[in-house]
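These notes are about the structure you will find just below.
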Amino acid sequence: MTLYPVPESVARARRWFRNFTASYDLTCSVDDCLLMLSELVTNAVLYGEAEESWRVRVEWWREGEALGVDVHNPGFPADVRRRDPDADDAHGRGLLLVDALSDSWCAGPSRFGGTVVSFRVDAAWKPR
């Protein structure tokens with residue numbers, strides 16, 4: 001899915017993911033996946049940047065029983081890090097949530113240029 005870097009894209013990504021995965025009978029929490037997706041798309045919209053018109057790209061994939069989600073933007077990988085905000089901080093909890101809800105997550109250079117931030121849920125499908 002390709003999204004414009006605007007706040008409305010977060011809701012669009014959530015709808016797309018829910019609709020697209022509905023027929024796959026996921027065994028993991030779809031709501032948790034939607035929360036993590038929302039956080040990553042929000043970060044991509046807020047922090048991705050390029051000199052020209054750009055988009056946020058969302059991909060999801062299956063590997064065995066695992067579900068992976070990648071969110072690409074043209075920002076720089078060095079800026080992606082989990083923060084430990086104080087209780088009264090208004091921001092900085094997105095990757096903390098992803099870290100808590102996923103089995104793993106990572107960030108690095110995107111094959112499209114810029115940054116990719118990914119999460120993985122290991123037991124997302126019933127064993128075959």
Side-chain angles (χ1 to χ4, degrees):
M1 169 173 235
T2 303
L3 303 162
Y4 290 100
V6 296
E8 295 81 18
S9 290
V10 177
R12 184 169 177 226
R14 290 172 61 92
R15 282 191 306 275
W16 170 79
F17 185 85
R18 185 178 295 281
N19 291 336
F20 202 72
T21 59
S23 64
Y24 286 94
D25 194 29
L26 294 175
T27 59
C28 62
S29 169
V30 173
D31 288 337
D32 286 354
C33 291
L34 290 171
L35 177 58
M36 292 186 285
L37 177 63
S38 294
E39 293 298 334
L40 296 188
V41 172
T42 297
N43 285 350
V45 167
L46 290 175
Y47 303 116
E49 55 185 52
E51 293 179 10
E52 56 202 46
S53 178
W54 60 277
R55 304 286 187 274
V56 173
R57 182 180 177 112
V58 178
E59 301 174 312
W60 72 276
W61 43 268
R62 178 180 182 173
E63 185 176 314
E65 297 168 27
L67 166 71
V69 176
D70 297 339
V71 178
H72 303 263
N73 74 72
F76 296 105
D79 295 335
V80 178
R81 62 186 162 85
R82 193 190 80 168
R83 302 183 197 295
D84 293 311
D86 292 329
D88 58 345
D89 287 342
H91 302 285
R93 290 178 181 76
L95 290 177
L96 197 61
L97 285 169
V98 172
D99 187 50
L101 295 174
S102 69
D103 289 300
S104 62
W105 72 275
C106 64
S110 168
R111 67 182 182 276
F112 302 108
T115 303
V116 61
V117 183
S118 306
F119 69 83
R120 180 180 169 115
V121 178
D122 289 335
W125 277 277
K126 294 176 188 170
R128 292 183 182 180

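Atom set for the values below is all heavy atoms of this structure, side chains included, hydrogens, waters and symmetry mates excluded.
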Donor-acceptor check, side chain of [X] to backbone of [Y], threshold 3.5 angstrom: yes or no?
| X | Y | answer |
| --- | --- | --- |
| R14 | L34 | yes |
| S9 | Y4 | yes |
| D103 | D122 | yes |
| S102 | V121 | no |
| T21 | F17 | yes |
| S110 | P74 | no |

Give the cluster check for L67 versus F20: same hydrophobic cluster or not, with ILVMFWY residues linked at side-chain heavy-atom distances below 4.5 Å. yes

Spell out, yes or no, whether Y24 and V69 are grouped together once hydrophobic residues are joined by side-chain heavy atoms under 4.5 Å, including indirect joins. yes

If I compare all heavy atoms of [X] with all of [Y], which pair ends up nearest, and what's the gap?
| X | Y | result |
| --- | --- | --- |
| A44 | V71 | CB-CG1, 3.8 Å |
| C28 | C33 | SG-SG, 3.8 Å |
| L3 | A13 | CD1-CB, 3.9 Å |

Out of curiosity, [X] [atom1] to [Y] [atom2], how far, rounded to the nearest 0.5 Å?
| X | Y | atom1 | atom2 | result |
| --- | --- | --- | --- | --- |
| L46 | N73 | CG | CG | 10.5 Å |
| W61 | R120 | CH2 | CZ | 5.0 Å |
| F119 | C106 | CZ | SG | 11.5 Å |
| D70 | L37 | CG | CG | 11.0 Å |
| M36 | D31 | CE | CG | 10.5 Å |
| W54 | F112 | CH2 | CZ | 15.0 Å |

Could you give me the CA-CA distance, side-chain angles and deciding distance for D99 and W105, then say whether side-chain hydrogen bond (donor to acceptor under 3.5 Å, both in side chains) is met? CA-CA 7 Å; D99 187 50; W105 72 275; 3.2 Å; yes

Taking C-beta and beyond as the side chain, do L101 and L35 meet within less than 4.5 Å on heavy atoms? yes

Are E39 and L95 side-chain neighbours, meaning at least one heavy-atom pair lies under 4.5 Å? no

Which is it for N43 and V117 under the side-chain contact (heavy atoms from CB on, under 4.5 Å) test, yes or no, and what are the steps along the way? CA-CA 9 Å; N43 285 350; V117 183; over 6 Å; no

What's the verdict on side-chain contact (heavy atoms from CB on, under 4.5 Å) for K126 and D25, showing C-alpha distance, side-chain angles and the deciding distance? CA-CA 8 Å; K126 294 176 188 170; D25 194 29; 3.4 Å; yes

